[in-house]
Amino acid sequence: MSCCLLDFGRVQELRQVRDFLFQKHNNAGPEEEKTRAENELTWDDSDWGSWENPDGKEDGAQAEEEEQQQTAPWLQNCVMSLSPCSDLLVIAREHKATFLSAKWRTDESGQEEMTLSVTWSGTLSAEEGECICSVICIPLASQKRSSTGRPDWTCVVVGFSSGYVRFYTESGVLLLAQLLHEDPVLQLKCRTYEIPRHSGVTEQHEELSILYPAALVTIDGFSLFQSLRACRNQVARAAAAGSDVIQPPPLAYKKWGLQDMDTITDHSSIGITTLSVFDQMKNASMLGGFHASVKGSPPAMSQYITVGGGPYTGFYYAIEGSSQPLLSHVALAVASKLTSALFSAASGWLGWKSKNEEESVQKQKPKVEPATALPVRFGLPDSRRHGESICLSPCNTMAGVTDDFGRVTLLDVARGIAIRMWKGYRDAQLGWVQVSEARGERDLATSPSMPRRHAQFLVIYAPRRGILEVWGTQHGPRVGAFTVGKHCRLLYAGHRLMGVNSVTSQGWQIHTQQVCLFDPVNGALRAVTIPFHLALSDKKSERAKDMHLLRRLTTLLRSREVEPGQTYLINIHDRPCIYMKHLQSLLSNKNAPVSCLTNVTRALLASLKEQDPEAVDESLLQFCSSQLKLLQLYTDVQLLHTPDTSPTEPEHPSFSGIEEDLARVGPVLQRYTEMNSRPCVSFAQDSSGPLPVRTFLSQLEWVNGELRVIKQPDTDWTQLGSFLFWGCLSGQSPLQRVCETLQESGISPQQLLSLLLSVWLNKEKDVLKYSDAVSHLGTLLSTLSSMKGAVDESWDGQCVSPWWQQVRTACVQSESAAAALLAALVAHRVAKNAITRLGESKFQEEWECVSLELEQWVVCIKQLEDVLALQTLLCLPSPQGSTGGAVTRCSVKTLLESGRGGVADCVSKLIFRQGVSPDLLRDILQRRGENEPLQQGGEEKLEELLECVCQRFPDSLSPDVLFAHCSWENVVQWNKDPEVGQYLEWSVEFLKMISNPHIQFGVSAMMWQTFIVKRFSAAAFLMEKVGKAPKDRLCRRDVGMGDAAVRSFLSSSVQLLQALMEADSAVEQVSAPDVCVEEVWGGAEGPVSIMELALDQRSVHYPLVQHHCVLASLLHAAMTFSLRLKPLSLFDSKGKNAFFRDLSSIQLLPSGDMDHNLVAVRQEFLMNVLTGWVKVLAESEENGVKHSSTEDMWPSVCMELSSILQVNTDILRRHLVCELYNQGLDLRAEEVMMEVQDKDVLGSQLLVLTGQRLAFSLLHSQSQTKPNMELLARLPPTLCTWLKAMDPSELRCPSAPLSQSSRLINKVIEMLPENHGQYSLALHLLEAVDSLHEEP
């Protein structure tokens, strides 16, 4: 593997860019210049051909001039800069610039390709006569946490001949401009953060450096990063608002006056360096003489290197802490306050400068800070040599310098000496490539904490010769050379992303191009790729040749021409170290045929054996020998599975008793097959094709002369097992010959048994299709068990055999219930026959087959039959649109590990997924054992399968256990989706169906504590805060559900607390039940079941539960009728403190007589509840809607609450009677009237209501008739005055029939005693009503 030059992008519209930058200045007027400038920004590239011949005709001289202009090296006269992320390219000349941004497009072959196209172009110069001298693109890192290392945006920094440095966005928007020095800008360079390779490397700070002919300006990277981000945000806000951009404050910077050099052309900022103690003493002695004093610690210094003339190279050191502070002309102006002009200049960016002042300041040049003198420490003097450019290596240890003599000099930055020189590179362009060592064998031999090695390569482009060379440093050879064009440009940024530090770069993958070659002929951008191993030795490196040979072999294998690989591989005799990699590459090739692999391996093994045994690597010899044996085994087995005309083997007789076992499990097996016969998704790579030889080789290995299957956690043995045994199971291959071949191969019987069971258990659907597969499995098990080493010879049948225990373990762990049961039945019969033969050999007389091994099989088969029935039920398809997840797969192992409630938990999940209501499940369980199936098809199937499972699990699926698990499953699903209130309602209904109070009490207590109390308290506090029934938005924010769901939730909470109180009252009357499971499942161990948790619950404090039930009822009433209520305000301090405590704790509850004001508030709320219920009742009857039992329960609820809240119940009844009469519901009012105790007060109240009805009929009715007027005139004056004082507007149903009013006044007369003050008024009222009723 060698260096390569790869295209990674292409620049489009190059001719358009050239025409724009080298546009001829003709004598055009102002209007034409303006139109041309607009066209430059909005190019139309629809007709490029017209540019070559704009007038449609040209003479020969013009065409020749055009051709010369195209071939001229125009790019060498431009200033260029490519972003390190390769997403922005800037080309500038004189006062114009073009920005090209990266885009992705699909080429003709369908591959994605990166192209750079023009996104902006225009004039950047702002002052008369200034031109662009230097350009640099600095990508700024994103500050978002989700960033992975891509830049947020790229800033374009441009230096001008006037001394200005301006900062632009990718779209050409000016962000910041500042005059740092009144000389042309020579170079712009940037240093960004690099992760230190080891602890001895000083962490460098980010910095932007600007070189002038006699000065160097440095700007701190952190402050620059923050200023640019702020300017960009301010420009964006100003553009969005349509306002003017406020002039930002100037940048803070350091300015050094570089002394003792005649001319300076380029520079490099090395960063902060610290000298060793020896170098410090040496420098002090050289500068200060013998008596010079030395500081205690070496100072930190910023090092700068310049190139030019007199001396050829200069080294400058600025001691940190002793230099000038960060200065700016605004800071000096504010500090000195000498001139008003500067003060007004500062006021501009503060935002309070007038427009006139603004114009005058723009015309006035800003003040330039003086430079701090910095003398040269030392240099490389060469009076005739003049340096042209300097390029610093990424590790800051070396630098390449070009000069006017055509030499390239390599400098040691730390020592300040030239260590190497190349000649013959006139006008050379330099770049660096840093390559990291890949993680490999070296990491295993060294400490894991050892840093990775890095190699530095110097890239030199010689345009005079048109060659690009790569050299290893410091004294390495030339490792690569490429012939390229003579007009290319080598683009080397020398920096990466700005704004990165040791914290933000964690986990980032910053991908930047180090060196890029731009070819203007075709616009290609090429990157240099260098492998690390080229830095290890010279061009005769054996490893480099080996890697190259491996690359050639890989290319050969990809071309599918594998046959020549034999000659190619065997001819390499002198490099045994690479044999292993070559052979592994060949054996892992998916296109290589087995014959070729066998020939190559056999020839290589023979070649190794012919060599000197001491010179041959023993591991390589063993590897070739083992791989050859594996290839031979693969060939033999493949031949056995190939259909041929050889005579078939005689069929083996079926095992005794297997037909009886199959007949017993046949019905359940048939139902299971029907449930699993639905079509499913399959993939092409999962199709049953021949096993690739590379897969076969990767799953087998030779260890100490024995062939073993490689055991890995994620390895699937099904494919290998299918290759070995599926032909035998399907009856297509000879059983005995396959087994003999496998036995001769050296694979242990235990691993063959594992492979056989793997294919049998994982291909369940295919197994059930073949009727003879069971008998073939029996033959294979019998043959494998008779192999040497399968069953221990000392086994006597009275102990557990490891061989058969392996079969049981595989069946118990498998989720393929049918295949596992069939395998267990077959293995049981084979084991029984073996035990029988063993007993007959020991005892000549008749021997009864009883052993511990058979008892283990009986238990295993019973468990597998139970799992098959359960899995058949769980495979029942869910109704469309139901929730609850995918079908649960279970095995004997999972049920044993799920504890005593594992079966009930699986069934309850199925019941929830099927959407079975509590009443339907109760009916199904009641009909169990009776031949009364449901009429619906789906429910009939469910009932049939559920009955079968319940018969097999009579203890684990008893009604109370099943109801408890169903209740818990529904409340769990409700907690996941509280908007579906039906889940919680069904959960409470299932809870009420539990007959045992101990279970009911425990489940209800756990539901309250786990799921209900948190949301319940949130609803109470929310209502207390808003003082009324909250709206939907507030409910979702605080309670986590909508207002309709909150109403359902509070209703279910009331029922839950009532069920808890009822169960708590009945606990002492019934003994606690035992948690029982079936005998074969007695070894279940795992999580504690719901039943066990319920029976372990502590008793509750009944008054505290009742206290919460009262609050729940109040909340439910307020939400149902949208009433204003602060629920906690209805209780005193004791009652408030007792809420939401643990129900088993003893709390101090209210006792004795309550405050009258509090009772009055309670009474008012209950009366409002009754009023709301009457209104709902009237609306339902008016609309003809039938009332539900839950709606009619509110009067009784209010009466119960009144007794607890110390509210007079009779007052509530009288209020209810009046409300019912007020609503015109006289019949319901008469029913409630019978329970009223104080008839006198009720009579007086109803008398007023009757007067309001009569007043409406006589005085306020729109159809007032003459008889009514005459009747009103005949009334006694007292009655007439009383009627006129009545207000019928208080009646919600004023137009009640007169017959009802007459019946009402009779009831009033019956209730009032004769000595009552209003008795006579009632009599007169009765006469008036009767008279009015008698009128036609």
Side-chain angles (χ1 to χ4, degrees), residues 651-677 728-731 735 756-757 760-761 763-782 785 804 807-808 810-812 814-837 848-851 853-876 890-892 928-929 931 933 940-941 943-954 1078-1081:
E651 294 185 0
H652 293 270
S654 59
F655 301 98
S656 59
I658 191 65
E659 294 82 1
E660 301 173 0
D661 295 336
L662 294 177
R664 187 182 73 253
V665 301
V668 181
L669 201 61
Q670 182 179 0
R671 286 195 295 263
Y672 177 82
T673 306
E674 293 174 358
M675 290 296 175
N676 285 273
S677 60
C728 301
L729 292 173
S730 59
L735 298 177
L756 175 60
L757 293 176
W760 178 268
L761 297 174
K763 301 186 72 170
E764 184 183 55
K765 289 187 177 181
D766 297 329
V767 164
L768 296 177
K769 293 179 182 178
Y770 292 95
S771 57
D772 297 335
V774 175
S775 60
H776 295 152
L777 176 63
T779 305
L780 284 173
L781 284 177
S782 179
S785 61
W804 299 115
V807 180
R808 285 193 295 270
C811 295
V812 162
S814 175
E815 294 181 353
S816 303
L821 178 60
L822 291 175
L825 292 174
V826 172
H828 174 223
R829 291 301 173 182
V830 175
K832 188 174 182 180
N833 293 340
I835 294 175
T836 302
R837 289 193 301 269
E848 186 177 357
C849 180
V850 177
S851 68
E853 180 68 38
L854 295 180
E855 292 298 324
Q856 293 280 341
W857 277 116
V858 171
V859 174
C860 179
I861 291 175
K862 179 65 171 64
Q863 291 175 339
L864 290 171
E865 291 178 358
D866 294 345
V867 169
L868 180 61
L870 178 61
Q871 188 63 61
T872 305
L873 174 65
L874 297 180
C875 290
L876 197 65
C890 64
S891 64
V892 175
R928 190 172 65 182
N931 296 325
E940 180 181 357
K941 195 73 174 178
E943 181 176 357
E944 178 186 358
L945 296 176
L946 184 58
E947 180 181 353
C948 178
V949 175
C950 290
Q951 288 177 356
R952 290 191 167 273
F953 296 95
E1078 294 73 23
E1079 183 179 359
V1080 294
W1081 298 98

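Atom set for the values below is all heavy atoms of this structure, side chains included, hydrogens, waters and symmetry mates excluded.
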Using a 4.5 Å cut-off on heavy atoms from C-beta on, say whether the side chain of Leu729 contacts that of Leu756.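 Yes, side chains in contact.
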Shortest non-hydrogen separation from [X] to [Y] and the atoms involved:
X: Ser782; Y: Val830; value: CA-CG1, 4.1 Å
X: Leu735; Y: Cys728; value: CD2-CB, 2.9 Å
X: Trp760; Y: Ala819; value: NE1-O, 2.9 Å
X: Leu864; Y: Cys811; value: CD2-O, 3.8 Å
X: Ala818; Y: Glu764; value: N-OE2, 3.0 Å

So does Lys832 pair up with Glu853, basic N to acidic O under 4.0 Å?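 A salt bridge is absent here (no side-chain N lies under 4.0 Å from a carboxylate O).
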Contacts of Thr872 that satisfy side chain to side chain contact (heavy atoms under 4.5 Å, CB included) - sequence neighbours left out: Val668, Arg671, Tyr672, Met675, Leu868, Leu945
Ser891: side chain to side chain contact (heavy atoms under 4.5 Å, CB included) partners, not counting sequence neighbours: Glu815, Lys893, Thr894
Measuring from [X]:[atom1] to [Y]:[atom2], what's the distance to the nearest 0.5 Å?
X: Gln951; Y: Glu947; atom1: CD; atom2: CD; value: 5.0 Å
X: Leu873; Y: Cys890; atom1: CG; atom2: SG; value: 9.5 Å
X: Leu874; Y: Leu870; atom1: CG; atom2: CG; value: 4.5 Å
X: Leu876; Y: Lys941; atom1: CG; atom2: NZ; value: 8.5 Å
X: Asp866; Y: Ile861; atom1: CG; atom2: CD1; value: 12.0 Å
X: Phe953; Y: Cys948; atom1: CZ; atom2: SG; value: 10.0 Å

Look at the side chain of [X] and the backbone N and O of [Y], then say whether any donor-acceptor pair between them is shorter than 3.5 Å.
X: Glu865; Y: Leu821; value: no
X: Ser814; Y: Ala820; value: no
X: Gln863; Y: Val1080; value: yes
X: Thr673; Y: Leu669; value: yes
X: Ser775; Y: Asp772; value: yes

Please verify the inter-ring angle class for Trp804 with Trp857; under 30° counts as parallel, over 60° as perpendicular, anything in between as tilted.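 Answer is perpendicular, since the angle exceeds 60°.
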Evaluate the side-chain contact (heavy atoms from CB on, under 4.5 Å) criterion for residues Leu825 and Val774: first the C-alpha distance (whole Å), next the side-chain angles of each, then the deciding distance (0.1 Å), finally the verdict. CA-CA 9 Å; Leu825 292 174; Val774 175; over 6 Å; no
